[in-house]
Number of protein chains: 2
Amino acid sequence: MSSTRREGGAASADLTAQAKIRNAAIAHFARDGFQKTNVRTIAATAGVSPGLVIHHFGSKENLRAVCDDHVLRILTERAHGTSPAGMQALFGQYQSDPEEYHLYVRYMMRAIEEDTPAATTFVNTLVDGSEQILRDGIAEGSLRPSSDVRALAVLSVLISLATLTAPPPLARTLGFEQAGPGLLQRLGLPVLEIFTHGMYADDSILKAAQAVWHGAQESPQSPKGMND
Amino acid sequence: MSSTRREGGAASADLTAQAKIRNAAIAHFARDGFQKTNVRTIAATAGVSPGLVIHHFGSKENLRAVCDDHVLRILTERAHGTSPAGMQALFGQYQSDPEEYHLYVRYMMRAIEEDTPAATTFVNTLVDGSEQILRDGIAEGSLRPSSDVRALAVLSVLISLATLTAPPPLARTLGFEQAGPGLLQRLGLPVLEIFTHGMYADDSILKAAQAVWHGAQESPQSPKGMND
DNA sequence: CAGTATCTTAAACACATGTTCAGCTTGACG
DNA sequence: CGTCAAGCTGAACATGTGTTTAAGATACTG
């Protein structure tokens with residue numbers, strides 16, 4: 001890209017215009033979404049003319065692709081540095097540096113909502129990693145066996161993402177303006193309680209469900225007709 | 001609104017133009033979101049001219065408000081007809097009529113993402129109802145006591161909504177094109193397993209967390225400095 | 001039938017927004 | 001200093017889109 005300027009720094013001043021534009025775009029995409037963010041706003045935040053944005057990135061769409069890759073790389077690089085299981089990995093990362101991490105998590109959540117290629121890669125990495133950790137934990141004995149480890153992995157990722165990026169209406173039901181460290185801390189204990197004890201006092205509901213499930217699974221034709 | 005035509009029917013033909021427009025708008029808002037849907041598309045789906053949309057609803061924004069209220073009313077009316085606890089309520093409704101219900105759930109999920117007033121009302125209703133059910137269940141003995149019932153209610157609603165409206169990248173990790181009855185069925189058993197047994201083999205993680213939590217809660221100053 | 005109110009349409013308008021372009025500034029190099 | 005390449009700008013362009021408006025179609029009323 002540039003021959004003489006430095007690249008990849010963290011300070012806001014003293015950055016390549018490309019980097020300033022990219023960072024501004026990431027911030028706005030994360031906060032307001034891709035559609036609601038226009039090129040002029042990004043340019044203004046980056047302290048740059050609108051034309052330069054297109055000059056450097058070709059189009060708004062391509063700028064999004066660059067931002068996607070950038071955030072994806074940051075997120076996956078960090079995820080590789082940790083070991084604990086699925087949710088703990090995400091939560092731990094988050095708690096360690098909420099301010100910066102929250103931006104990237106929100107960005108990725110928006111990407112997931114809009115079904116971007118980078119989002120698919122990210123989710124696949126998360127689910128595959130989670131599944132592996134679950135299998136290891138089950139083999140090791142620290143986790144209970146499951147009838148469907150893959151689905152459990154998906155579920156744990158789903159819960160992690162939902163907890164990290166709870167939409168404002170949900171966050172407000174606990175008195176928070178939006179998802180963040182406060183909400184996460186409030187939800188953390190109930191999550192762990194459920195993950196260790198469950199919430200049902202007995203296993204009657206599970207037993208009933210298992211009976212229906214097994215009955216449906218072992219007969220070639222489903223009892224009620226399942227669509228999709 | 002109209003004096004001679006009927007209102008509130010379910011068939012697609014033989015409906016007020018207002019109703020046709022509203023239904024078309026709901027379908028498109030649910031599928032593509034508010035921003036990506038333009039008035040001309042709604043009009044085309046409703047078999048109507050673009051001008052008529054504004055003539056009847058004043059503006060696209062107001063059309064959204066009308067759709068919000070309509071979906072909110074449908075969803076809350078149905079929710080009142082059922083008794084079982086939080087997740088079961090939503091899941092049960094969904095399984096009973098996935099085709100139509102899925103549309104409204106997706107619509108409401110989009111509304112929640114975009115933080116619409118109706119979304120706040122819906123979420124509040126859900127959380128409050130869930131909390132009440134949890135308290136009843138705990139008092140009755142069918143549910144385990146919790147250290148934070150309110151947070152648990154929020155969490156269960158969060159899990160319900162996330163499971164019902166899992167974004168496509170997540171759904172694809174289990175081989176589904178998008179969230180729907182198939183995904184819900186696949187995730188249902190793991191959910192119940194977690195809700196009855198948990199997933200941790202022992203309570204070491206919970207104990208550790210409780211120690212930290214209590215230590216942090218009972219000392220006036222937080223040990224590490226919690227922001228937000 | 002005439003009148004009138006409502007429904008509906010097609011074209012035009014106004015504005016936001018992605019993109020292009022001609023030119024200005026800056027700095028390196030011979 | 002002269003030249004050139006690259007960074008950068010501000011205005012203009014093209015298009016998509018919400019909205020307005022004038023007129024036509026339709027149905028009910030006296």
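Letters A, B, ... are given to chains in the order of the sequence lines, protein chains preceding strands, and every chain is numbered from 1.
Note: CG (A:Leu52) to C1' (C:dT25) measures 13 Å, nearest angstrom. Residue B:His55 contributes atom NE2, which lies 6 Å from atom P of C:dC7 at whole-angstrom precision. At whole-Å resolution of the value, CZ in B:Arg64 and C1' in D:dT19 are 18 Å apart. Distance CD (B:Glu61) to P (D:dT17): 17 Å, rounded to an integer number of Å. Rounding to whole angstrom units, CZ of residue A:Phe57 and C1' of C:dT19 are separated by 16 Å.
Using modelled atom types and a 3.5 Å distance limit, the side chains of B:Asp136 and B:Gln132 yield a donor-acceptor pair. A side-chain donor-acceptor contact under 3.5 Å links B:Arg106 and B:Gln178.
Judged purely by atom type and a 3.5 angstrom limit, B:Arg186 has no side-chain atom pairing as donor or acceptor with the backbone of B:Pro181.
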Pairs: protein N or O with nucleotides 12-18 of chain C N or O, under 3.5 Å:
{"unit_1": "C:dT17", "atom_1": "OP2", "unit_2": "A:Asn38", "atom_2": "ND2", "d": "3.0"}
{"unit_1": "C:dG18", "atom_1": "OP1", "unit_2": "A:Lys60", "atom_2": "NZ", "d": "3.0"}
{"unit_1": "C:dG18", "atom_1": "OP2", "unit_2": "A:Val39", "atom_2": "N", "d": "2.8"}
{"unit_1": "C:dG18", "atom_1": "N7", "unit_2": "A:Arg40", "atom_2": "NH1", "d": "2.9"}
{"unit_1": "C:dG18", "atom_1": "O6", "unit_2": "A:Arg40", "atom_2": "NH2", "d": "2.9"}

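Sorted by first and then second residue, the pairs that involve residues 32-45 of chain B and meet side chain to side chain donor-acceptor pair (under 3.5 Å), not counting sequence neighbours, are B:His28-B:Thr45, B:Asn38-B:Thr41.
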side-chain contact (heavy atoms from CB on, under 4.5 Å) between A:Lys60 and A:Val53, worked out: CA-CA 8 Å; A:Lys60 186 189 176 188; A:Val53 175; over 6 Å; no
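Among the protein residues, B:Val53 comes within range of no part of the nucleic acid, since none of its heavy atoms lies under 4.0 Å from any strand.
Listed by chain and residue number, A:Phe29, A:Phe34, A:Glu61, A:Asp68, A:Tyr107, A:Glu114, A:Thr116 satisfy the side chain to side chain contact (heavy atoms under 4.5 Å, CB included) test with A:Arg64 (two or more places apart in sequence, or in another chain).
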